**Q** 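Below: one structure in structure tokens.
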Amino acid sequence: MDGDQQILLKGGTILSMDPAVGDFAVGDVLIIGDHVAEVGEAISAPAATVIDARDRIVMPGFCDPHIHCWEGVLGRIIPENVPQTTEDPVGGAPMSSRSYMYAAHRLFGPACRPEDIYAGTLISLLNALNGGITTVVDNMHNARSPEHSDAGVAALFDAGLRGVHAVGRPTSGKWAGTFPADVYRLRDQYFSSDDQLCSMRLYAPGSDDLTELIPVRKELDLWFSFDSGIGRQPLEQLYEDGSFDGREAINHGNFVSPEQRKLIVGNGSQVNVCPRIESQFRYGRIPYNEWVESGLRPGISNDNPMTYGIDMFSEMRALYLLQRVDEHRDGAQSASLREIILSATQQGADNCGVGAVAGSLTPGKKADIVLLDVGRTQLFPRNNILCSVVQGADIGCVDAVLVNGRLVKWDGQLLGVDLENIRNVVQESHDYLLSAVDWPHQATDFDD
């Protein structure tokens with residue numbers, strides 16, 4: 001976009017999430033090019049295009065460090081998960097259509113064609129963007145071939161958000177065996193510049209053998225995302241020898257000892273929790289307070305689309321609800337509403353590796369901004385803004401979204417998106433996958 005283009009968000013209620021900037025009951029945000037230039041009560045910008053924000057909450061976009069986007073065409077297909085109880089979460093998962101580990105990794109994962117990866121990833125990312133999530137780390141644990149990886153990257157670029165392609169091996173079924181060697185090609189072909197909207201990193205289950213991955217990580221200077229199991233790694237050794245360097249994002253953050261938490265926090269690594277997944281599909285324990293007590297406030301992530309709709313408002317509400325329940329039952333100190341929003345914005349950005357450019361309305365940061373419509377009945381009249389964001393708003397309140405200073409959603413509609421064509425692509429993929437695995441339920445089912 002034109003680096004001199006100016007946009008003035010005028011007269012909105014500003015929730016900056018930056019203590020140095022502050023919040024404004026009535027204020028303005030000036031955008032020049034791709035970044036926030038100024039935040040204040042009355043900004044003069046005669047050359048700017050003015051957007052009337054008087055009936056809007058203006059806040060930073062949400063940042064989600066952990067979505068398995070390829071699953072998007074299978075969204076909400078598992079209503080009640082049958083949890084695995086063995087040390088081998090995929091191989092030992094019960095052979096049930098209601099087991100996420102079985103259905104995702106042993107049924108649908110091996111059946112996916114590159115075009116299914118593209119369709120699932122694109123619809124997941126558009127769902128995120130529609131709901132005000134402007135940065136996503138796509139934890140792509142189904143890179144069965146270079147073509148599958150290419151499809152995931154293409155969807156990331158087409159979605160138009162600030163994205164990170166976290167590439168990892170499949171956990172079950174036949175695959176080309178090209179990971180991690182193909183990481184070098186991906187970096188050179190798609191992510192050779194550090195100054196672009198999308199980037200890449202490595203992904204692995206926390207308990208994986210990292211012998212082949214650490215040299216790749218060091219040579220290409222990449223971040224690393226881990227799913228559960230990091231507590232099984234020799235963390236002290238990994239930090240001491242430089243294999244881990246603080247650019248690690250640990251999803252879930254569970255099954256880690258107090259000593260390991262201290263080590264992780266002390267070395268600058270990041271953690272995110274998954275409120276809905278943990279409370280419903282695992283063991284009910286969300287280790288948010290444990291990490292806060294260790295000196296790190298976690299980010300928040302949606303995890304897998306097969307079990308929930310991607311929705312940061314629901315994640316914030318679930319976390320706050322469970323925090324309050326713990327406080328009433330056990331006396332644990334609950335996070336405040338502002339701290340919950342902080343986890344969904346700045347702390348999420350830190351997990352995504354973009355904390356210096358996103359997560360708050362700070363002059364100099366990129367203009368990744370969400371406008372919530374407070375004219376909607378659920379947010380009218382304006383009272384406490386923090387409560388409105390966490391306890392009142394939903395995806396339908398997201399009126400406008402900017403990424404990198406560019407409008408990608410306006411008047412409640414995504415811009416530049418051919419939804420009819422995308423729906424057709426997604427439907428074809430959905431129908432193919434259900435047929436390929438002989439799915440035991442109707443395509444539209446009412447089963448518990």
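What you see is a predicted model, and the numbers here were worked out from it, not measured in a lab. Values below: all heavy atoms of this structure, side chains included; hydrogens, waters and symmetry mates excluded.
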**Q** Partners of D431 by salt bridge (charged side-chain N to carboxylate O under 4.0 Å, His left out), sequence neighbours excluded?
**A**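 Not a single residue meets the salt bridge (charged side-chain N to carboxylate O under 4.0 Å, His left out) criterion with D431.
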**Q** Under the criterion side chain to side chain donor-acceptor pair (under 3.5 Å), I'd like the reasoning laid out for D368 against N404: C-alpha separation, chi angles, the key distance, then a yes or no.
**A** CA-CA 6 Å; D368 295 355; N404 226 36; over 6 Å; no
**Q** So which heavy atom on S301 is nearest to which on P275, and how close?
**A**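 That closest heavy-atom pairing would be O-CD, 4.1 Å.
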**Q** Do side-chain atoms of R276 reach the backbone of G309 as a donor and acceptor pair under 3.5 angstrom?
**A**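 Between the backbone of G309 and the side chain of R276 there is a qualifying donor-acceptor contact (under 3.5 Å).
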**Q** So do Q391 and Y320 actually touch side chain to side chain, heavy atoms under 4.5 Å?
**A** yes
**Q** Over all heavy atoms of both residues, which pair between G364 and H35 is shortest? Give the atoms and the distance, please.
**A** O-CB, 4.1 Å
**Q** Kindly indicate whether the side chain of T13, heavy atoms from C-beta on, has any atom under 4.5 Å from the side chain of V58.
**A**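 In short, these two side chains do not touch, never coming nearer than 4.5 Å.
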**Q** Could you walk me through whether R169 and Y203 pass side chain to side chain donor-acceptor pair (under 3.5 Å), step by step?
**A** CA-CA 8 Å; R169 65 168 180 84; Y203 164 87; over 6 Å; no
**Q** Can you give the donor-acceptor pairs under 3.5 Å from side chains of residues 100-108 to other protein atoms, not counting sequence neighbours?
**A**
residue: Y100; atom: OH; partner: E71; partner atom: OE2; Å: 2.5
residue: H105; atom: ND1; partner: T171; partner atom: OG1; Å: 2.9
residue: R106; atom: NH1; partner: V90; partner atom: O; Å: 3.2
residue: R106; atom: NH1; partner: G91; partner atom: O; Å: 3.3
residue: R106; atom: NH1; partner: A93; partner atom: O; Å: 3.2

**Q** Can you name the nearest heavy-atom pair linking C69 to V136, along with the distance?
**A** SG-CG1, 4.1 Å
**Q** Kindly give the heavy-atom pair with the smallest separation between A367 and I31, and that separation in Å.
**A** CB-CG2, 3.7 Å
**Q** With a 4.0 Å cut-off, would you call D116 and R113 a salt bridge?
**A** yes
**Q** Salt bridge check, R261 against E290: does any charged N sit closer than 4.0 Å to a carboxylate O?
**A**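 No, no charged N to carboxylate O under 4.0 Å.
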**Q** Can you tell me if Q233 uses its side chain to pair, donor with acceptor, with the backbone of D208 under 3.5 Å?
**A**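 Judged by distance alone, yes, a pair lies under 3.5 Å.
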**Q** I want to check something: taking the side chain as every heavy atom from C-beta on, are K365 and S360 in contact at a cut-off of under 4.5 Å?
**A**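 Yes, close enough: below the 4.5 Å cut-off.
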**Q** Could you tell me whether the side chains of Y118 and D150 share a donor-acceptor contact shorter than 3.5 Å?
**A**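 Distance-only check fails for Y118 and D150.
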**Q** Whether R185 and D182 form a salt bridge (side-chain N of Lys/Arg under 4.0 Å from carboxylate O of Asp/Glu) is what I want to check.
**A** yes
**Q** Would H66 and D227 count as a side chain to side chain donor-acceptor pair (under 3.5 Å) if you check the C-alpha gap in whole Å, the side-chain angles of each, and the deciding distance to 0.1 Å?
**A** CA-CA 9 Å; H66 170 215; D227 258 333; 3.2 Å; yes
**Q** We want to know whether N142 and R144 form a side-chain donor-acceptor pair, criterion being a heavy-atom distance below 3.5 angstrom.
**A** yes
**Q** Is any side-chain N of the basic residue among D34 and R406 closer than 4.0 Å to the acidic one's carboxylate O?
**A** no
**Q** Checking side-chain polar atoms at under 3.5 Å, does T307 have a donor or acceptor matched by the opposite partner on N304?
**A** yes
**Q** In this structure, are over 12 heavy atoms from other groups packed under 6.0 Å from Q378 atom CD?
**A**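 Count over threshold, so yes.
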**Q** Between E248 (side chain) and D245 (backbone), is there a donor-acceptor pair under 3.5 Å?
**A**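 Yes.
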**Q** Of N130, L402, D399, which is the lone residue that meets side chain to side chain contact (heavy atoms under 4.5 Å, CB included) with K409?
**A** N130
**Q** Distance check, rounded to the nearest 0.5 Å: S314 atom OG versus L321 atom CG?
**A**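 Spacing of OG (S314) from CG (L321) equals 11.5 Å.
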**Q** Are the charged groups of R285 and E278 less than 4.0 angstrom apart, N to O?
**A** no
**Q** Carefully, step by step, assess L296 and S294 under the rule side chain to side chain contact (heavy atoms under 4.5 Å, CB included).
**A** CA-CA 6 Å; L296 175 65; S294 298; 5.9 Å; no
**Q** Looking at F62 versus F313, is the centre-to-centre ring distance below 6.0 Å?
**A**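 That pair passes the under 6.0 Å test.
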**Q** With salt bridge (charged side-chain N to carboxylate O under 4.0 Å, His left out) as the criterion, how do D311 and R317 come out once you've worked through the C-alpha distance, each side chain's angles and the decisive distance to 0.1 Å?
**A** CA-CA 10 Å; D311 182 352; R317 269 194 289 278; 5.2 Å; no
**Q** Between the main-chain N or O of A335 and the side-chain N or O of Q323, is there a donor-acceptor pair closer than 3.5 Å?
**A**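 Yes, the answer is positive, given that a donor and an acceptor are paired below the 3.5 Å cut-off.
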**Q** Can you list the residues that meet the side chain to side chain contact (heavy atoms under 4.5 Å, CB included) rule with N267, with sequence neighbours excluded?
**A** Y239, L263
**Q** Is the shortest heavy-atom distance from the side chain of V273 to the side chain of P287 under 4.5 Å?
**A**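 In short, these two side chains touch, coming nearer than 4.5 Å.
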**Q** Looking at F224, is R201 sitting on its ring face, NZ or CZ under 6.0 Å from the six-membered ring centre and within 45 degrees of the normal?
**A** no
**Q** Indicate whether the side chain of E219 and that of Y184 have a donor and an acceptor atom separated by less than 3.5 Å.
**A** yes
**Q** Test W70 against H148 for side chain to side chain donor-acceptor pair (under 3.5 Å), laying out the working first.
**A** CA-CA 10 Å; W70 68 268; H148 287 73; over 6 Å; no
**Q** Return the CD1 to CG distance between I57 and D23, rounded to the nearest 0.5 Å.
**A** 11.0 Å
**Q** Given the rule in the side chain to side chain contact (heavy atoms under 4.5 Å, CB included) test, do N139 and I67 qualify, once you have shown the distances and angles that lead to the verdict?
**A** CA-CA 6 Å; N139 288 235; I67 303 177; 5.9 Å; no
**Q** Check this for me: Q413, atom CD, are more than 12 non-hydrogen atoms of other residues, nucleotides or ligands nearer than 6.0 Å?
**A**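 It does not: Q413 CD has 12 such atoms or fewer within range.
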**Q** OG/S199 to CZ/R187 distance, rounded to the nearest 0.5 angstrom?
**A** 9.0 Å
**Q** Are any of the side-chain nitrogens in R76 or D445 under 4.0 Å away from the carboxylate oxygens of its partner?
**A**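 Salt bridge absent between R76 and D445.
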**Q** Take L361 and D18 through the test side chain to side chain contact (heavy atoms under 4.5 Å, CB included) and record every step on the way to the result.
**A** CA-CA 7 Å; L361 301 184; D18 182 343; over 6 Å; no
**Q** F179 and side chain to side chain contact (heavy atoms under 4.5 Å, CB included): which partner among L186, L202, V216?
**A**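 The residue from L186, L202, V216 that satisfies side chain to side chain contact (heavy atoms under 4.5 Å, CB included) with F179 turns out to be L202.
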**Q** For N254 and S228, test the side chains for any donor-to-acceptor distance below 3.5 angstrom and give the result as yes or no.
**A**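 Side chains of N254 and S228: pair found under 3.5 Å.
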**Q** Would you please test T362 and V36 for side chain to side chain contact (heavy atoms under 4.5 Å, CB included) and show each step?
**A** CA-CA 7 Å; T362 302; V36 175; over 6 Å; no
**Q** Can you find a side-chain donor-acceptor pair between T211 and D209 that sits under 3.5 Å?
**A**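 Yes, because at least one side-chain N or O of T211 sits under 3.5 Å from a partner of the opposite role on D209.
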**Q** Can you tell me how far the OG atom of S207 sits from the CZ atom of F226, to the nearest 0.5 Å?
**A**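 S207 atom OG to F226 atom CZ measures 10.5 Å (nearest 0.5 Å).
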**Q** Do the side chain of Q260 and the main chain of G231 share a donor and acceptor less than 3.5 angstrom apart?
**A**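 Here the side-chain-to-backbone pair exists.
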**Q** Taking the side chain as every heavy atom from C-beta outward, state whether L15 and L386 have any pair of such atoms under 4.5 Å apart.
**A**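 Yes, at least one pair of side-chain atoms sits under 4.5 Å.
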**Q** With a 4.5 Å limit on heavy-atom distance, are the side chains of C198 and F191 in contact?
**A**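 SC-SC contact between C198 and F191 confirmed.
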**Q** Working to the nearest 0.5 angstrom, can you tell me the gap between Q347 CD and C352 SG?
**A** 11.5 Å
**Q** As an exercise, state the distance from OG of S334 to CG of L322, rounded to the nearest 0.5 Å.
**A**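 It comes to 10.0 Å.
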**Q** Any donor-acceptor pair under 3.5 Å linking the side chain of Q196 with the backbone of S193?
**A** yes
